[in-house]
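First the structure, in the form of structure tokens, and then the observations on it.
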Amino acid sequence: MRIPTPHRTASRTALIAAVALLAIPSNAATATASTAPADALQPVAALAAERLATADLVAAAKFGTDSPIDDPAREQVVLDTVAAQAQQIGADPEEIRRIFRDQIEANKLVQRGLYAEWTAHPDQAPTTKPDLNVVRQTINRINTDLVQSLADTTPQRTALTCRPELAVAVIEVHHQKHPDLLHTRALVRSLASVCQD
């Protein structure tokens, strides 16, 4: 039998709260019926988690330098790029922008959390700095995949069942990746606008 540690209990509590938030539709009247399997939104959650994992690398690259966490110029480039990709494949560019604003804010949430941890415990700070240009290439690839996944799941994301299905997807990703409390909170933040209810 595994004895719950305070960290594990906090992470589990955060996951339960996340699932509750994601499972409650904000406006069921505008929803339509879903025709896809219940796991259709799992790739969206998995890609969001993969994108969040890059926040650790971005934070490591920037920590102790003059590069700020907030980078409005870079953020605008990301939003313009994903909106253009959305338009090319017939998805709603403004909807994709809205979802990616959440992705960006979630990424910064992780970076701020790591900065606070590393500042409080310098011995845990990274000792090497990843190449930010290489990390951004990874982020760009994930962004492209996420735009496509969001376009592919438009019917599920406008359905009455979106929030419960997204909550199940988050649980599956959490089970597979075992994120800590910070990354669990950030994953929920990253998915705030996925369901269009």
Side-chain angles (χ1 to χ4, degrees), residues 10-26 39-60 62 69-72 74-83 85-86 91-116 135-136 138-154 156-158 162-197:
S11 183
R12 189 173 296 137
T13 301
L15 180 61
I16 291 167
V19 169
L21 287 172
L22 289 173
I24 302 169
S26 60
D39 63 352
L41 294 173
Q42 201 277 341
V44 172
L47 285 164
E50 185 180 352
R51 191 180 194 284
L52 274 176
T54 67
D56 297 47
L57 298 172
V58 173
K62 291 181 175 182
I69 290 174
D70 290 286
D71 187 350
R74 168 68 183 162
E75 292 169 22
Q76 191 60 52
V77 167
V78 170
L79 294 173
D80 290 345
T81 301
V82 297
Q85 290 173 341
D92 180 349
E94 289 311 308
E95 178 185 38
I96 297 300
R97 273 184 194 275
R98 186 170 51 251
I99 292 168
F100 271 86
R101 278 190 195 98
D102 290 337
Q103 297 291 315
I104 290 167
E105 290 307 315
N107 195 288
K108 292 191 291 188
L109 178 69
V110 170
Q111 291 180 56
R112 288 187 185 103
L114 292 173
Y115 269 38
V135 176
R136 286 178 173 165
T138 301
I139 294 170
N140 291 341
R141 177 194 52 79
I142 296 167
N143 287 352
T144 299
D145 292 346
L146 184 53
V147 169
Q148 186 64 58
S149 188
L150 290 165
D152 292 345
T153 57
T154 299
Q156 293 77 41
R157 294 186 306 98
T158 57
C162 179
R163 289 196 183 273
E165 289 177 8
L166 188 57
V168 170
V170 168
I171 291 170
E172 289 174 4
V173 168
H174 192 275
H175 179 70
Q176 293 165 1
K177 298 188 180 294
H178 306 287
D180 60 14
L181 178 59
L182 174 63
H183 288 79
T184 300
R185 285 178 43 226
L187 180 58
V188 173
R189 175 66 181 92
S190 75
L191 299 169
S193 299
V194 167
C195 294
Q196 303 304 310
D197 51 19

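Computed from a prediction, not measured in an experiment: that's the story for all the values here.
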> How close do L166 and C195 get, heavy atom to heavy atom, and via which atoms?
Replying inline: CD2-SG, 3.9 Å

>> What's the separation between atom CG in L114 and atom NZ in K62, rounded to the nearest 0.5 Å?
In response: 12.5 Å

> Taking all atoms of both residues into account, what is the closest heavy-atom pair of S193 and I99, and its distance?
Replying inline: O-CG1, 3.6 Å

>> Can a donor-acceptor pair be found, under 3.5 Å and without considering hydrogens, that links the side chain of Q196 to the backbone of V194?
In response: yes

>> As an exercise, state the distance from CZ of R189 to OG1 of T184, rounded to the nearest 0.5 Å.
In response: 15.5 Å

>> How long is the straight-line distance from CG of N107 back to CG of D56, given to the nearest 0.5 Å?
In response: 9.0 Å

> Okay, side chain of E75, backbone of D71: is any donor-acceptor separation there less than 3.5 Å?
Replying inline: yes

> What do the steps show when you test T138 against I142 for side-chain contact (heavy atoms from CB on, under 4.5 Å), and what is the final call?
Replying inline: CA-CA 6 Å; T138 301; I142 296 167; 3.9 Å; yes

>> Measuring from atom CD1 of I139 to atom OG1 of T144, what distance do you get when rounded to the nearest 0.5 angstrom?
In response: 12.0 Å

> Checking side-chain contact (heavy atoms from CB on, under 4.5 Å) for the pair R51/L47: CA distance, chi angles, key distance, verdict?
Replying inline: CA-CA 6 Å; R51 191 180 194 284; L47 285 164; over 6 Å; no

> Does the side chain of T81 come within less than 4.5 Å of Q85's, by heavy atoms?
Replying inline: yes

>> What I'd like to find out is whether the side chain of E172 reaches to under 4.5 Å of the side chain of H175, using heavy atoms alone.
In response: no

>> Check D80 with R97, please: is the shortest side-chain N to carboxylate O separation under 4.0 Å?
In response: yes

> Once you round to the nearest 0.5 Å, how far does CG of L79 lie from CZ of R101?
Replying inline: 5.5 Å

> Quick one: OG on S190 to NE2 on H183, what's the gap to the nearest 0.5 Å?
Replying inline: 11.0 Å

> P93 and A91: which non-hydrogen atoms are nearest, and at how many Å?
Replying inline: CD-O, 3.1 Å

> Heavy atoms, side chains only, cut-off 4.5 Å: are H174 and P179 in contact?
Replying inline: yes

> Of all heavy-atom pairs between A186 and L52, which one has the smallest distance, and what is that distance?
Replying inline: C-CD1, 3.5 Å

> Okay, side chain of S149, backbone of D145: is any donor-acceptor separation there less than 3.5 Å?
Replying inline: no

> Where do L41 and C162 come nearest, in terms of heavy atoms and distance?
Replying inline: CD1-O, 3.7 Å

> Does E50 offer a backbone N or O that forms a donor-acceptor pair with the side chain of T54 under 3.5 Å?
Replying inline: no

> Can you name the closest pair of heavy atoms from I96 and A86 and give their distance?
Replying inline: CG1-CB, 3.4 Å

> Does R98 pair with D102 as a salt bridge, N-O distance under 4.0 Å?
Replying inline: no

>> Keeping R157 on the side-chain end and L150 on the backbone end, is there a donor-acceptor pair under 3.5 Å?
In response: yes

> Does any N or O in the side chain of Q42 come within less than 3.5 Å of the main-chain N or O of A169, such that one atom is a donor and the other an acceptor?
Replying inline: no

